[in-house]
Amino acid sequence: MLVQFTMRNVLSFKDEITIDMTSIPAYKEHNYNLIKGNKENFLRVAAIYGANASGKSNLYYGMQMFQRIVMSSMNAVGEIEDNTLEKYYIPFAFEDPEEPSEYEIIICNSSAEYRYGFEFDNKKIIKWLYKRDFLSNRKSIILERAEGKIKTGASIRRECDKYKNQIPNETLALTFFSRLSLKTDVFQKVFSEVSNMMIVDTSFYENPRVMERFLPDVIDKNKAELVKYLAAIDTGIKDISYDTIDKKIEFFTYHKGKDNNDYKLNLYNESQGTLKSIIIFIIASSIIRRDGIMVVDELNVKLHPLLLKFVIDLFNNKESNAQLIYTTHDTTLLDRKFFRRDQIWFVQKDDYGYSSLSALSDFKIRSDASFEKDYLSGVYGGIPTLSDYIMEAGE
């Protein structure tokens, strides 16, 4: 489960920003939007608003780059493969000299909280991993790395010290140790949580290969739930199937005509919104079943606001600890009827290219305030500033 994600000096975010999925105890509204934790409660869904070019997608890209560094830092470095640190070191561009970038993630399970992060430039890396046991509330060092030296905590020292001199400077120790067969599972736990985050953008939903890879299994094992979902979002689809024709998978949907007859349609002749809805169902269902974390850029694209609400409600399932973080500029759901104040975030960029992140909970809000109206009025920032211009009338 995600507790916090922090980054600094990445893309348009020069200063440190943190998205915090810990709920604010003083807020009593919408308790069904919360995951009950050991001592704290956590948000199931966080919505990030901002104007075009404000930097909200850069927050998404930052999380994606963090994940890719963790997953690929052990790749071979050669003429073909770029050094991972060089490839993903993209600091704020409008300041000299360049400084290191930094990422940190805090995750937890039922027994402990893990704080993992690293600071790096295109040549060297400094990293840390700490654990807080919920039963004893004891904090302990798992690993620290600075100036080429690795310090291991007492719980793993005997097992891991014999390997630490084998870790290249450009490789994360977390990635290295997660690949070894060790008695301790701490590295595997953190690595798995990071690597299993589903971080996707709109293009992912429009890729037919995603459908070909995952949809047959869903139809075979979970078709009833998929058809129920398609009916709930009013696609008119009564059934769905697939067949292999000339070694190519073909998908078909079935509709009821005015004459009460069934009509078959190639799936790819459905609307783009329907195709995206199906892939969202495939991914969201997978994430929800394994209590995972899903991060989506521009979730609202090609989705009706009511369908967007339906997707969000999938994550508000009381039986799941899954979490959804998404960026959007659609304000339809920016309403106290749907969200708590600690679930809403805003990204804005100043005249010098610096992006910043703030939460709705940072503002003093009247009890009768309209979130959407105040946002569009500029109370919370995160909206475009349109310069005056002259439009000449045509002849």
Keeping the roles fixed (side chain from [X], backbone from [Y]), state whether a donor-acceptor pair exists under 3.5 Å.
{"X": "S72", "Y": "R68", "value": "yes"}
{"X": "N196", "Y": "E193", "value": "no"}
{"X": "K28", "Y": "P25", "value": "yes"}
{"X": "T244", "Y": "K247", "value": "no"}
{"X": "S73", "Y": "L172", "value": "yes"}
{"X": "D374", "Y": "S377", "value": "no"}
{"X": "E225", "Y": "N222", "value": "no"}
{"X": "S285", "Y": "I282", "value": "no"}
{"X": "R44", "Y": "L34", "value": "yes"}
{"X": "K14", "Y": "S356", "value": "no"}

Who pairs with T274 by side chain to side chain donor-acceptor pair (under 3.5 Å), at least two apart in sequence or on another chain?
->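 S271.
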Side chain to side chain donor-acceptor pair (under 3.5 Å) partners of K139, counting only residues at least two apart =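 With sequence neighbours excluded, K139 shows a side chain to side chain donor-acceptor pair (under 3.5 Å) to no residue whatsoever.
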Under a 4.0 Å N-O cut-off, is there an ion pair linking [X] with [Y]?
{"X": "E170", "Y": "K124", "value": "no"}
{"X": "E104", "Y": "R115", "value": "yes"}
{"X": "E16", "Y": "R8", "value": "no"}

Is the NZ or CZ atom of K264 both under 6.0 Å from the centre of the six-membered ring of F252 and within 45° of that ring's axis?
->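 Verdict for F252: a cation-pi partner in K264.
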Decide if atom [atom1] of [X] counts as having more than 12 heavy atoms of other residues, nucleotides or ligands within a radius under 6.0 Å.
{"X": "I245", "atom1": "CD1", "answer": "yes"}
{"X": "K256", "atom1": "NZ", "answer": "yes"}
{"X": "R213", "atom1": "CZ", "answer": "no"}
{"X": "D259", "atom1": "CG", "answer": "yes"}
{"X": "R158", "atom1": "CZ", "answer": "no"}
{"X": "K151", "atom1": "NZ", "answer": "no"}
{"X": "Q166", "atom1": "CD", "answer": "yes"}

Are I325 and M294 side-chain neighbours, meaning at least one heavy-atom pair lies under 4.5 Å?
->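 With C-beta onward as the side chain, the pair stays apart.
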Between atom [atom1] of [X] and atom [atom2] of [Y], what is the distance when rounded to the nearest 0.5 Å?
{"X": "Y114", "Y": "D133", "atom1": "OH", "atom2": "CG", "result": "8.0 Å"}
{"X": "Q323", "Y": "I293", "atom1": "CD", "atom2": "CD1", "result": "5.5 Å"}
{"X": "I312", "Y": "L299", "atom1": "CD1", "atom2": "CG", "result": "6.5 Å"}
{"X": "E372", "Y": "S370", "atom1": "CD", "atom2": "OG", "result": "6.0 Å"}
{"X": "Y380", "Y": "W345", "atom1": "OH", "atom2": "CH2", "result": "15.0 Å"}
{"X": "I287", "Y": "M197", "atom1": "CD1", "atom2": "CE", "result": "9.5 Å"}

Pairs in or reaching into residues 227-240: which pass salt bridge (Lys or Arg N to Asp or Glu O under 4.0 Å), with residues at least two apart or in two chains?
->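 Listed once each, the pairs are K223-D239.
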Can you pull the ring-ring contact (aromatic ring centres under 6.0 Å, His included) pairs that have at least one residue in residues 256-295, sequence neighbours excluded?
->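 Every ring-ring contact (aromatic ring centres under 6.0 Å, His included) pair that includes a residue of residues 256-295, provided the two are not neighbours, is Y229-F281.
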Candidate pair N109 and S111, rule side-chain hydrogen bond (donor to acceptor under 3.5 Å, both in side chains), full reasoning | CA-CA 6 Å; N109 55 29; S111 61; 3.1 Å; yes
In sequence, state the C-alpha distance, the side-chain angles, and the governing distance for R341 and E29, and then conclude on salt bridge (charged side-chain N to carboxylate O under 4.0 Å, His left out).
-> CA-CA 9 Å; R341 286 163 283 176; E29 64 267 31; 3.2 Å; yes
Candidate pair I106 and E113, rule side-chain contact (heavy atoms from CB on, under 4.5 Å), full reasoning = CA-CA 7 Å; I106 301 176; E113 178 183 271; 3.5 Å; yes
Under the side-chain hydrogen bond (donor to acceptor under 3.5 Å, both in side chains) rule, what do S361 and D342 come out as? Steps first, then yes or no, please.
-> CA-CA 5 Å; S361 55; D342 47 7; over 6 Å; no
Minimum heavy-atom distance [X]-[Y], with the two atoms named:
{"X": "I167", "Y": "A173", "result": "CD1-CB, 4.0 Å"}
{"X": "S54", "Y": "K349", "result": "O-CB, 3.4 Å"}
{"X": "F338", "Y": "Q343", "result": "O-OE1, 4.4 Å"}

When you look at T332 and D330, which way does the side-chain hydrogen bond (donor to acceptor under 3.5 Å, both in side chains) test go after all the steps?
-> CA-CA 6 Å; T332 310; D330 186 335; 2.5 Å; yes
Are Y130 and F134 joined in one hydrophobic group, where the rule is that I, L, V, M, F, W and Y side chains link up if heavy atoms are under 4.5 Å apart?
->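 Different clusters: Y130 never reaches F134 through Ile, Leu, Val, Met, Phe, Trp or Tyr contacts under 4.5 Å.
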In the hydrophobic cluster built from side-chain contacts under 4.5 Å, what are the other members alongside Y27?
->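 Result for Y27 is I24.
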Worked check of side-chain hydrogen bond (donor to acceptor under 3.5 Å, both in side chains) between T327 and Y49 = CA-CA 6 Å; T327 71; Y49 288 84; over 6 Å; no
Would you check, one step at a time, whether the test ring-ring contact (aromatic ring centres under 6.0 Å, His included) holds for F5 with F66?
-> CA-CA 10 Å; F5 178 80; F66 164 76; 5.5 Å; yes
Check I69, L2, V70 against V194 for a side chain to side chain contact (heavy atoms under 4.5 Å, CB included) and give me the one that passes.
->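 The side chain to side chain contact (heavy atoms under 4.5 Å, CB included) with V194 is passed solely by V70 among I69, L2, V70.
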Steps toward side-chain contact (heavy atoms from CB on, under 4.5 Å) verdict (T235, H255) | CA-CA 9 Å; T235 62; H255 295 254; 5.9 Å; no
Tell me, with the steps shown, if Y354 and F94 meet ring-ring contact (aromatic ring centres under 6.0 Å, His included).
-> CA-CA 9 Å; Y354 293 78; F94 304 145; 8.1 Å; no
Salt bridge (charged side-chain N to carboxylate O under 4.0 Å, His left out) involving K221 - partner list, sequence neighbours excluded |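 Salt bridge (charged side-chain N to carboxylate O under 4.0 Å, His left out) check on K221 returns D217.
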Could you go through the ring-ring contact (aromatic ring centres under 6.0 Å, His included) check for F346 and Y375 one step at a time?
-> CA-CA 9 Å; F346 305 105; Y375 171 65; 5.3 Å; yes
